[in-house]
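Report on one structure; see the data block that follows.
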Amino acid sequence: MTSLYCGTVMTPLGLVYVGSDGVAVTEVYFTDEPVNSTAACEVVDRALQQLKEYFAGERQHFDLPLTAQGTAFQQSVWRQLRAIPYGQLASYKDIAQAVDNPKGVRAVGMANNRNPISIVIPCHRVVGSNGSLTGYGGGLDKKEWLIALEKAHSDAELH
C-alpha cells in the first residue's frame, strides 16, 4: 500500500514508518529509509508523537483512527489483537478461540503476519501456546524488546 501522507520516527529499535490516507493511519512498520510527506498531515503527526511516547514508556494506549485493509477474518483477528491488554500476552490459540475459529491457529498466524499497522495493532503480544516467541515481521529481537518494554511499564498509570 502506498500512503498519501507519511513520516518516520526514530525509536530505540530503529526507524518506524507511519502512513495515512489523511483520515486514518493505514500503515505502521519498521523501515530503513526515513521519509516524510511533502504535505502536513495531523493524523501522521499524532501517530508519530504517540509512538515516541510509547517507546519512552509513557503511553500504553494509542488513540488514533485506524484503517487496516484486509479480509473479514483478518479484521476480526486484528480487532482481537487490540483487545490484548498492554503488558500482557495471548497465544495464537487464544486468538483463534476468541474469533470463533478454534482450529484456525495457522490462519490467525497468517492474519497476524499481514497486520499492516504493527505496534499500534499489537501483533507482538501474540506468542506460541508454550509462551515461546514466534514470528514477527520486524524480527524476534524487536518482538522481545517490545514485550519487555510493556512488562516494565504495565503497572504504571499512563495515557
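Sequential numbering from 1 along the given sequence is applied to the chain's residues.
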Practice task
List the atom of Gly7, the atom of Asn36, and the distance in Å for their closest heavy-atom pair.
Solution key: CA-OD1, 3.4 Å
Exercise for the section: State, to 0.1 Å, how close Pro12 and Trp145 come at their nearest heavy-atom pair, and which atoms those are. Expected result: CB-CZ2, 3.6 Å
Practice task
Measure the CG-CG distance between Leu64 and Leu48 for me, rounded to the nearest 0.5 Å.
Solution key: 9.5 Å
Practice task
Apply side-chain hydrogen bond (donor to acceptor under 3.5 Å, both in side chains) to Glu150 and His124, showing your working.
Solution key: CA-CA 11 Å; Glu150 291 187 9; His124 60 276; 2.8 Å; yes
Problem - Under 3.5 Å donor-acceptor, Trp78 side chain and Pro122 backbone - result: no
Practice task
For the residue pair Val9 and Phe55, establish whether any side-chain heavy-atom pair is separated by less than 4.5 Å.
Solution key: no
Practice task
Side-chain contact test, heavy atoms from C-beta onward, threshold under 4.5 Å: evaluate it for Gln74 versus Val77 and give yes or no.
Solution key: no
Handout entry: SG on Cys41 to CG on Leu4, rounded to 0.5 Å
Key = 8.0 Å
Problem - Backbone of Arg59 reached by a side-chain donor or acceptor of Gln50 within 3.5 Å - result: no
Handout entry: Heavy-atom check, side chain of Glu42 versus side chain of Ser20, under 4.5 Å
Key = no
Exercise for the section: Treating Ile, Leu, Val, Met, Phe, Trp and Tyr as nodes and any side-chain heavy-atom pair under 4.5 angstrom as an edge, say whether Leu15 and Val120 lie in one connected cluster. Expected result: no
Completion exercise
Ser154 and Gly87 have their tightest heavy-atom pair at CB-CA, 3.9 Å
Practice task
Decide whether Phe62 and Leu13 are clustered together by the hydrophobic rule: side chain heavy atoms of Ile, Leu, Val, Met, Phe, Trp, Tyr closer than 4.5 Å, transitively.
Solution key: yes
Practice task
Report yes if the side chains of Ile84 and Leu89 come closer than 4.5 Å at any heavy-atom pair, otherwise no.
Solution key: no
Handout entry: Lys143 side-chain N/O to Val126 backbone N/O, donor-acceptor pair under 3.5 Å
Key = yes
Problem - Tyr17 vs Val35 side-chain heavy atoms within contact, under 4.5 Å - result: yes
Problem - Interatomic distance, Leu146 atom CG to Lys151 atom NZ [nearest 0.5 angstrom] - result: 12.5 Å
Exercise for the section: State the CG-CD1 distance between Leu66 and Ile117, to the nearest 0.5 angstrom. Expected result: 4.5 Å
Exercise for the section: State, with a plain yes or no, whether a side-chain heavy atom of Thr8 is found less than 4.5 Å away from one of Val18. Expected result: no
Exercise for the section: Could you check if a side-chain atom of Phe73 sits within less than 4.5 angstrom of a side-chain atom of Val108, using non-hydrogen atoms only? Expected result: yes
Handout entry: Atom CD of Gln75: over 12 foreign heavy atoms under 6.0 Å
Key = yes
Exercise for the section: Mind listing the closest non-hydrogen atom pair of Pro102 and Asp100 along with its distance? Expected result: CD-C, 3.6 Å
Problem - Close side-chain approach of Asn112 and Tyr92, heavy atoms under 4.5 Å - result: yes
Exercise for the section: For Asp21 and Thr26, indicate whether the former's side chain and the latter's backbone hold a donor-acceptor pair under 3.5 Å. Expected result: no
Practice task
Search all heavy atoms of Val16 against all heavy atoms of Thr31 and return the closest pair with its distance.
Solution key: C-CG2, 4.5 Å
Problem - Over all atoms of both residues, closest heavy-atom pair of Ala24 and Val43 - result: C-CG1, 3.7 Å
Exercise for the section: Mind checking the CE-CG spacing from Met110 to Asn115? Nearest 0.5 Å is all I need. Expected result: 13.0 Å
Problem - Rounded distance (nearest 0.5 Å) linking atom CZ of Arg46 with atom CG of Leu51 - result: 12.0 Å
Handout entry: Geometric class of the Tyr86/Tyr54 ring pair [parallel <30°, tilted 30-60°, perpendicular >60°]
Key = perpendicular
Exercise for the section: Indicate yes or no for a side-chain donor-acceptor contact from Arg125 to the backbone of Ser91 under 3.5 Å, with no hydrogens or angles considered. Expected result: no
